[in-house]
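Scroll down for the structure; my scribbles are underneath it.
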There are 2 protein chains.
Amino acid sequence: MPSTSDFEQSLRAAALRVTRPRLAVLTAVHGHPHADTDTIIQAARAGLGEVSHQAVYDVLRALTAAGLVRRIEPSGSVARYEGRTGDNHHHVVCRSCGAIADVDCAVGDTPCLTAANDQGFTIDEAEVVYWGTCPSCSTST
Amino acid sequence: MPSTSDFEQSLRAAALRVTRPRLAVLTAVHGHPHADTDTIIQAARAGLGEVSHQAVYDVLRALTAAGLVRRIEPSGSVARYEGRTGDNHHHVVCRSCGAIADVDCAVGDTPCLTAANDQGFTIDEAEVVYWGTCPSCSTST
DNA sequence: CGGCTTTCTGGAATGAGTCAAGATGAGAGC
DNA sequence: GCTCTCATCTTGACTCATTCCAGAAAGCCG
């Protein structure tokens, strides 16, 4: 996991100001993969004291726009964020407990980006969500 | 598009009672592909008079559970529903205007269902969303 | 250090979706 | 065809994630 100075560089590289809340949120996102907003707020507060939820939302939006974090929203769940960007991986979501795990795509770097007929759309990203059951939910059945 | 009697049969086959609201919602979903909940409510009312939003939500949930309709939720959008199920197609979403179009997958019937490492998950469905720009938004740039 | 701009705080508002209780009507048996 | 039973629909209030707003504070640059 990147260090605080790495995050600082990332922020500066994205032309964003380096502030305590931003570093805290960035650290929280990297330390809690697929965490929902509330978890990130909790984590940010744990390392910073008090942060308004508004600041976290704002920071997350800025970071998402800058491409430093990725926002994922499985159906039926609240928005979640993750720090791994640019490596084109996808997600498995457990139907039972909502757990999310990373999976690399089988095909390569930009898989499935070749739709049979693209309807004239200019496709620039393919997002894949696998639905299934996680190991612990499978066994507890 | 299926007729009302087809919908009746589908409902009965799913052990659901055939009611006016259900037929109206089913018709609305088939007549308005990828429509959001509000649109479906409007469409159902157009063919039925007055329907409570609660009934529509309930019907949509029942139909989704029965597999008669499919629920899709692109990030940043409200829930949408479609009547085409079982043919394993995917969607292109326009980042600009939010338009949704169907695409058949290039690989075949159950594409991309082979994740590189499934983390022990039992995967039963792969959902693919292509992000891009629709023809009209591309040209108007 | 000073000024400008962006960001953070705190609170209130929005809006999709859900819950609960009672009324209604579809389906089954007589 | 009639009646009974239970799933389904109506109404209305409510939850909760997310957003909007205005003012205060802090970071960045010269």
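Chain identifiers are assigned alphabetically (A, B, ...) following the order of the sequence lines, protein sequences preceding nucleic acid strands; residue numbering begins at 1 within each chain. The figures that follow rest on heavy atoms only: side chains count, while hydrogens, waters and symmetry mates do not.
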Given [options], the nucleotide with the shortest approach to the side chain of [X]:
X: A:Q54; options: C:dC8, C:dG17, C:dG11; value: C:dG11
X: B:R12; options: D:dT18, C:dG27, D:dC9; value: C:dG27
X: B:R17; options: D:dA7, D:dT19, D:dC9; value: D:dA7
X: B:R22; options: D:dG27, D:dA13, D:dT8; value: D:dT8
X: A:S52; options: C:dG10, C:dT7, D:dT18; value: C:dG10
X: A:V51; options: C:dG25, C:dT9, D:dC9; value: C:dT9

Both B:E73 and A:E50 contact DNA chain C. Which one's nearest nucleotide lies toward the 5' end? A:E50

Tell me the interatomic distance from [X], atom [atom1], to [N], atom [atom2], rounded to whole angstroms.
X: A:L48; N: C:dC8; atom1: CG; atom2: P; result: 10 Å
X: A:I41; N: D:dC16; atom1: CD1; atom2: P; result: 14 Å
X: A:D58; N: C:dG10; atom1: CG; atom2: P; result: 15 Å
X: A:D38; N: D:dT19; atom1: CG; atom2: C1'; result: 16 Å
X: A:R45; N: C:dG10; atom1: CZ; atom2: P; result: 9 Å
X: B:R61; N: C:dG17; atom1: CZ; atom2: P; result: 11 Å

Has [X] got a side-chain atom pairing as donor or acceptor with [Y]'s backbone, closer than 3.5 angstrom?
X: A:R95; Y: A:T133; result: no
X: B:R20; Y: B:L48; result: no
X: A:R71; Y: A:A79; result: no

Have B:H34 and B:D102 got a donor and an acceptor in their side chains that come within less than 3.5 Å? yes

Scan side-chain atoms only and decide if A:H89 and A:E82 contain a donor-acceptor pair under the 3.5 Å cut-off. yes

Using heavy-atom distances to pick each residue's nearest nucleotide on DNA chain D, tell me which of A:H53 and A:L16 is more 5'. A:H53

Can you check whether [X] has a side-chain N or O nearer than 4.0 Å to OP1 or OP2 of [N]?
X: B:R20; N: C:dT24; answer: no
X: A:T19; N: C:dC8; answer: yes
X: A:Y57; N: D:dT19; answer: no

Just to be sure I understand the rule, does A:A62 reach a base, reach only the sugar-phosphate, or reach nothing, if contact means heavy atoms closer than 4.0 Å? nothing

